[in-house]
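The next block holds one structure in the form of structure tokens; read it before the comments.
Values below: all heavy atoms of this structure, side chains included; hydrogens, waters and symmetry mates excluded.
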Amino acid sequence: MPPEELDKTLTAMPLRVGTYIPDDLLEDWFAPGTGMNPVSAEALTAAEAYGRRFECEFQYYPERQEGVFWKWVPAI
């Protein structure tokens, strides 16, 4: 389970700002015990669902070995 501080961060995060989470923490927080290398599908699915709770998008970047949560910008 992600730490409470991440809940607070995603709640307070302004538009167009990202929060970056490295591979090892994605696995530890969202799907412990599923392995890592590559990050498990279970961890990525859980992270995406978690982000939606805070109106955040989630994208995983394997080349950077991290996932990113960000608040999307509504169309102008």
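Considering every non-hydrogen atom in both Gly67 and Leu26, the closest pair reads N-CD1, 3.7 Å. Scanning both residues, Cys56 and Lys71, for their nearest heavy atoms gives SG-CE, 3.7 Å.
For Glu55, there are no side chain to side chain contact (heavy atoms under 4.5 Å, CB included) partners two or more places apart in sequence or in a different chain. Looking at residues two or more places apart in sequence or on another chain, you find a salt bridge (Lys or Arg N to Asp or Glu O under 4.0 Å) between Glu4 and Lys8. In this structure Pro38 satisfies the side chain to side chain contact (heavy atoms under 4.5 Å, CB included) test with no other residue, sequence neighbours excluded. Listed by chain and number, the residues in a side chain to side chain contact (heavy atoms under 4.5 Å, CB included) with Tyr61 are Gln59, Glu63, Arg64, Val68 (sequence neighbours excluded). Here Glu27 pairs with nothing under the salt bridge (Lys or Arg N to Asp or Glu O under 4.0 Å) rule; sequence neighbours left out.
In this structure, the side chains of Phe69 and Thr9 stay at 4.5 Å or more apart for every pair of heavy atoms. Between Trp70 and Val17 there is no side-chain heavy-atom pair separated by less than 4.5 Å. By the 4.5 Å heavy-atom criterion applied to side chains, Trp72 and Leu15 are not counted as neighbours.
Following chains of ILVMFWY side-chain contacts shorter than 4.5 Å, one cannot reach Ile21 starting from Met1, and the two form parts of different hydrophobic clusters.
Here ring pair (Phe, Tyr, Trp, His ring centres under 6.0 Å) pairs that include residues 27-46, with residues two or more places apart or in two chains, are Phe30-Tyr50. Within the structure, the salt bridge (Lys or Arg N to Asp or Glu O under 4.0 Å) test picks out the following pairs touching residues 36-52 (sequence neighbours left out): Glu48-Arg52. Note on residues 11-21: no pairs pass side-chain hydrogen bond (donor to acceptor under 3.5 Å, both in side chains), not counting sequence neighbours.
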